[in-house]
Amino acid sequence: MYQIVPVAPGEQQFSGEAGGSPLKKKLANEGRPLVIAGMLGCVLVLAAVVAWCYYSASLRKAHLLKTELLDLNKDGFIVRNQAGAVLFSMAFRSGTLDLDSCSKEENMLSCTQSDSGKINFFIQTVRLKDTVMCYRVRWEELQNKHSVEHAMAYNDSHWYGGAETATQYWPIRIQGEEEPQPFITSDVYSNRKAFGGILERYWLSSNATAIKINDTVPFHLGWSEKDRTLRFQARYQDSPFRPPEGQPAFPELSYRVCIGSDVTSIHKYMVRRYFPKPIKVPSPEVFKQPLWSTWALHKTAVTQEKLLRFASDITKHGFTCSHLELDDRYTADYGEFDFDPQKFPNASGMFEKLREDGFQVSLWTHPFINYDSINFGVAVEKGLFVREPSGELPALVRWWNGIGGILDFTNPEAREWYSSHLEMLKSHYGVTSFKFDAGESSYLPRQFSTLVPLTDPSTFTRRYTEMAIPFSERAEVRVGYQSQDISCFSRIIDRDSVWGYELGLKSIIPTVLTISILGYQFVLPDMIGGNAYLNRTTGVLDGKNGLPDRELYIRWLELSAFMPAMQFSIPPWAYDKEVIEIAQKFTELHETLVAPRVLELAGEVLSTGDPIIRPLWWIANEDEAAYKIDSQFLIGNDLMVAPVLEPGKQERDIYLPAGRWKSYKGEHYDKGPMYLDDYPVDLDEIAYFTWVQQDN
């Protein structure tokens with residue numbers, strides 16, 4: 001017999017019945033929530049692990065995309081200061097980075113993919129000094145041949161540099177919307193929306209940031225007023241730039257961004273590292289005494305008789321002269337190298353007479369040979385011209401004096417032929433030097449070939465300026481690209497006889513400051529009063545010749561007296577006795593006060609590259625007001641000049657940076673920075689102040 005044994009607590013009772021016992025069902029129902037809870041717990045743990053892994057990966061990625069004070073993302077990068085404020089930002093406009101393709105090795109971030117395909121991208125951090133941090137940036141397309149474009153934001157700072165322009169402002173003003181255009185040397189007198197004849201791929205900001213675009217980049221520049229950006233673009237399509245021979249036309253945009261402790265020190269660093277320096281100072285006489293040009297006075301109607309009379313009048317009115325400049329047109333045809341016997345019947349005798357009277361003479365020259373010149377056939381036969389793309393025929397170009405060929409200065413034979421003719425003029429007549437006109441790459445055909453292929457058309461400008469080297473003591477050029485070491489005078493482009501910012505009186509200080517920042521320090525600020533073109537002259541017409549407005553001429557004269565060199569063409573005696581006396585006063589002041597200081601600074605340029613003519617922020621880089629003033633400037637650090645640039649004014653507001661200053665009237669100011677409101681400046685005066693050493 002079977003005895004029923006009671007079930008102990010916690011033990012199961014087995015039964016053979018199909019439906020199970022009520023106790024079993026109860027226990028099964030009570031256990032189901034525990035299983036679900038366990039499964040949910042496992043899911044939560046798994047989710048936590050995934051989240052932690054994602055968070056860790058994000059941290060690693062965030063760390064990966066940082067280097068020093070730079071943060072990189074798919075759309076661009078920013079650079080911060082130690083306090084976290086944004087100093088510089090650049091947006092990638094032509095594509096976005098695939099961040100999964102990025103890696104970091106020591107001080108370099110690199111990526112291999114963008115949304116358009118394979119690329120070679122990197123940002124390398126280079127700490128060059130305790131106070132300077134630089135970032136090398138490169139984006140090279142390996143599949144896409146269209147363009148690479150980055151947009152630099154202004155970030156509420158003031159920017160300087162780039163290029164001479166027709167309407168020149170200091171600091172740069174972004175106006176309107178401009179698609180990127182080839183950043184090449186151009187004649188802004190004939191094309192006022194182009195970039196000028198003196199330019200460099202360099203910009204500087206008030207927040208101590210500088211950017212230098214690499215020389216190898218097929219560089220185009222645009223801007224957006226709406227977005228407050230400069231647009232940096234690299235492209236070969238629809239462009240005068242060409243890839244190096246044998247290389248595919250994949251665009252590459254590469255540049256350096258450098259951050260310093262202040263704007264002056266970072267500029268000094270950039271100039272010393274990236275710009276060539278002059279190897280000698282030009283003739284001291286040109287710094288001391290004005291040169292006198294025939295151009296604005298006589299234009300192309302100059303003759304032997306007029307030149308001799310001009311020289312006689314200079315002496316008669318008691319003026320000094322570093323040299324006379326015989327401008328366009330002394331030859332019978334453009335492209336010849338001897339005097340037109342109709343206009344200069346005794347050129348040798350003329351030069352002898354001028355030498356006896358104490359005058360040295362320079363001549364105007366240019367790179368063109370017109371088709372009606374006897375030298376055109378010679379140059380064709382010798383293969384001296386820039387050619388059409390096929391290389392078979394010379395390329396004809398149009399310039400302001402006609403149609404002809406342009407000499408190929410990459411060709412040693414063309415250089416020798418041109419130079420030998422200049423040397424012949426020098427040896428035969430005793431010519432002292434030359435005014436090298438034109439040279440902008442905008443005078444090259446859109447499609448062309450040269451003996452040595454040019455990947456960058458502005459290299460032509462550099463080759464042309466090299467022709468001035470044998471004559472650099474008194475030579476002048478009006479173009480510059482990577483040619484700071486030519487060591488001659490850089491003339492700003494022709495000015496109109498007007499007051500304003502478009503090639504007028506107000507444009508002179510911004511233009512001189514700009515090209516000085518670009519490394520061209522021996523500045524010739526063109527002719528006093530402007531070029532007196534009939535349709536671009538403020539004033540009363542005098543017969544066939546338009547004299548500049550008398551007040552404009554006087555104010556222009558006063559400003560020029562405080563520039564590195566002075567140049568007359570319209571003579572003071574074209575007006576009246578008072579103008580003659582004012583001109584005598586200021587040419588003497590230039591020689592006794594300004595020139596000695598300029599020559600001292602010119603000697604320093606050879607080693608430092610520092611500007612002779614300096615902006616106010618050079619000595620006041622913590623002063624916001626100093627960054628915006630475009631009507632005052634410094635000569636060195638201790639002579640500050642404030643000319644009157646408005647018609648009908650005999651007073652002006654003057655800003656004095658911190659320090660002790662003594663005015664030309666003998667007044668002392670030592671509570672700066674300060675404004676002098678409505679400071680009186682008579683018509684025969686220019687306001688200037690000298691910095692006074694503080695007593696210990």
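- S433 and A475 make their closest contact through OG-N, 3.1 Å (heavy atoms, listed as atom of the first residue, atom of the second, distance).
- Looking only at side-chain heavy atoms (C-beta outward), Y169 and P510 stay at 4.5 Å or farther from each other.
- A donor-acceptor contact under 3.5 angstrom links the side chains of S239 and H220, judged on distance only.
- Residue E245 qualifies as open at atom CD: its count of foreign heavy atoms under 6.0 Å is 12 or below.
- With hydrogens and angles left out, the side-chain atoms of Y533 and R495 include no donor and acceptor closer than 3.5 Å.
- Using a cut-off of 4.0 Å between Lys/Arg side-chain N and Asp/Glu carboxylate O, R387 and E392 are scored as not salt-bridged.
- Between H146 and P251, the closest side-chain pair of non-hydrogen atoms is not below 4.5 Å.
- Q237 CD: more than 12 foreign heavy atoms inside a 6.0 Å radius.
- The backbone N or O of M527 sits nowhere less than 3.5 Å from a side-chain atom of S569 that would complete a donor-acceptor pair.
- In this structure, a donor-acceptor pair under 3.5 Å is absent between the side chains of D372 and Y334.
- In the model, T461 has no side-chain atom that pairs as donor or acceptor with a side-chain atom of S441 under 3.5 Å.
- Side-chain atoms of Q360 and T432 form a donor-acceptor pair, as typed in the model, at a separation below 3.5 Å.
- Heavy atoms from other residues, nucleotides or ligands lying under 6.0 Å from CZ of R192 number more than 12.
- A side-chain donor from one of S254 and E252 sits under 3.5 Å from a side-chain acceptor of the other.
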Dump the intermediate steps for side chain to side chain contact (heavy atoms under 4.5 Å, CB included) on V479 and T465, then the final yes or no.
-> CA-CA 7 Å; V479 291; T465 59; 3.6 Å; yes
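- For Y520 (side chain) and S483 (main-chain N/O), a donor-acceptor pair under 3.5 Å exists by modelled atom type.
- Under a cut-off of 6.0 angstrom, the local environment of CD in E305 is sparse, with at most 12 non-hydrogen atoms contributed by other residues, nucleotides or ligands.
- Counting only heavy atoms from C-beta outward, the side chains of I184 and F219 never approach each other to under 4.5 Å.
- Remark: the D328 side chain and the N401 side chain contain an N/O donor-acceptor pair separated by less than 3.5 Å.
- None of W417, F436, Y464 except one satisfies the ring-ring contact (aromatic ring centres under 6.0 Å, His included) rule with F409; the exception is Y464.
- For the 3.5 Å distance criterion, the side chains of S322 and R474 fail to qualify, holding no donor opposite an acceptor.
- Checked by atom type, the side-chain pair T410/D408 shows a donor-acceptor distance below 3.5 Å.
- The aromatic ring centres of F359 and F351 sit 6.0 Å or more apart.
- Remark: D526 does not engage R478 in a salt bridge, criterion side-chain N to carboxylate O under 4.0 Å.
- Aromatic pair F241/Y236: centroids not less than 6.0 angstrom apart.
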Given the rule in the side chain to side chain contact (heavy atoms under 4.5 Å, CB included) test, do L513 and I613 qualify, once you have shown the distances and angles that lead to the verdict?
-> CA-CA 7 Å; L513 289 174; I613 304 299; 4.0 Å; yes
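- S497 places a side-chain N or O within 3.5 Å of a backbone atom of A532 that can act as its donor or acceptor partner.
- Counting heavy atoms from C-beta outward, F568 and L297 have side chains that stay 4.5 Å or more apart.
- One N or O on the side chain of T459 and one on the backbone of D456 form a donor-acceptor pair closer than 3.5 Å.
- Between the side chains of D340 and Y330, no donor-acceptor pair of N or O atoms lies under 3.5 Å.
- Around NZ of K306, the count of heavy atoms belonging to other residues, nucleotides or ligands within 6.0 Å exceeds 12.
- Remark: side-chain polar atoms of N214 are not paired, donor with acceptor, to backbone N or O of T216 under 3.5 angstrom.
- In summary, the side chains of D338 and Y429 do present a donor paired with an acceptor at a separation below 3.5 Å, with no hydrogens or angles considered.
- Side-chain polar atoms of R256 and Y274 form a donor-acceptor pair below 3.5 angstrom.
- Cation-pi geometry between R173 and Y501 is met: the NZ or CZ atom falls under 6.0 Å from the ring centre, inside 45° of the normal.
- No donor-acceptor pair closer than 3.5 Å links the side chain of E381 to the backbone N or O of V378.
- Closest approach of V386 to S449, counting heavy atoms only: CG1-O, 3.7 Å.
- In this structure, W556 and I570 have side chains that are not in contact, with every pair of non-hydrogen atoms separated by 4.5 Å or more.
- Less than 6.0 angstrom separates the ring centroid of F183 from the ring centroid of W203.
- For the pair S186 (side chain) and V188 (backbone), a donor-acceptor distance under 3.5 Å is absent.
- Between D485 and K280 there is no salt bridge, since no side-chain nitrogen of the basic residue lies less than 4.0 Å from a carboxylate oxygen of the acidic one.
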How far apart are the C-alpha atoms of H267 and Y202, what are their side-chain angles, what is the distance that settles it, and do they pass the side-chain hydrogen bond (donor to acceptor under 3.5 Å, both in side chains) test?
-> CA-CA 10 Å; H267 176 68; Y202 171 68; 2.8 Å; yes
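- Heavy atoms of other residues, nucleotides or ligands lying less than 6.0 angstrom from CZ of F275 number more than 12.
- Donor-acceptor pairing under 3.5 Å is recorded for the side chains of Q233 and R235.
- Checked by atom type, the side-chain pair N346/Q304 shows no donor-acceptor distance below 3.5 Å.
- When the options W399, Y418, F385 are evaluated for a ring-ring contact (aromatic ring centres under 6.0 Å, His included) with F368, the one that passes is W399.
- Using a 3.5 Å distance cut-off with no hydrogens or angles, the side chains of Q484 and Q521 do not pair a donor with an acceptor.
- Side chain of K343 to backbone of V302: a donor-acceptor contact under 3.5 angstrom is found.
- There is no side-chain donor-acceptor pair under 3.5 Å between W223 and E225.
- Remark: Q342 CD is loosely packed, at most 12 non-hydrogen atoms of other residues, nucleotides or ligands lying under 6.0 Å away.
- Using cut-offs of 30° and 60° on the angle between ring planes, the pair W400 and W364 is tilted.
- The main-chain N or O of V271 is found under 3.5 Å from a side-chain atom of K277 such that the two form a donor-acceptor pair.
- Under 3.5 Å, the side chains of S224 and E177 contain a donor-acceptor pair of N or O atoms.
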Might you work through the side chain to side chain contact (heavy atoms under 4.5 Å, CB included) test for H428 and S348, ending with a clear yes or no?
-> CA-CA 8 Å; H428 187 71; S348 295; 4.1 Å; yes
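- If you run side chain to side chain contact (heavy atoms under 4.5 Å, CB included) between S516 and each of T511, V523, V605, I612, only V523 comes through.
- Between R462 and E466 a salt bridge is recorded (basic side-chain N to carboxylate O distance below 4.0 Å).
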Run the side chain to side chain contact (heavy atoms under 4.5 Å, CB included) check on W170 and I517 step by step: do they pass?
-> CA-CA 11 Å; W170 180 272; I517 287 294; 3.6 Å; yes
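- For S427 (side chain) and M424 (main-chain N/O), a donor-acceptor pair under 3.5 Å exists by modelled atom type.
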For side-chain hydrogen bond (donor to acceptor under 3.5 Å, both in side chains), just list the numbers for D187 and Y443, CA-CA rounded to whole Å, side-chain angles, deciding distance to a tenth of an Å, and then say yes or no.
-> CA-CA 8 Å; D187 180 354; Y443 284 110; 2.5 Å; yes
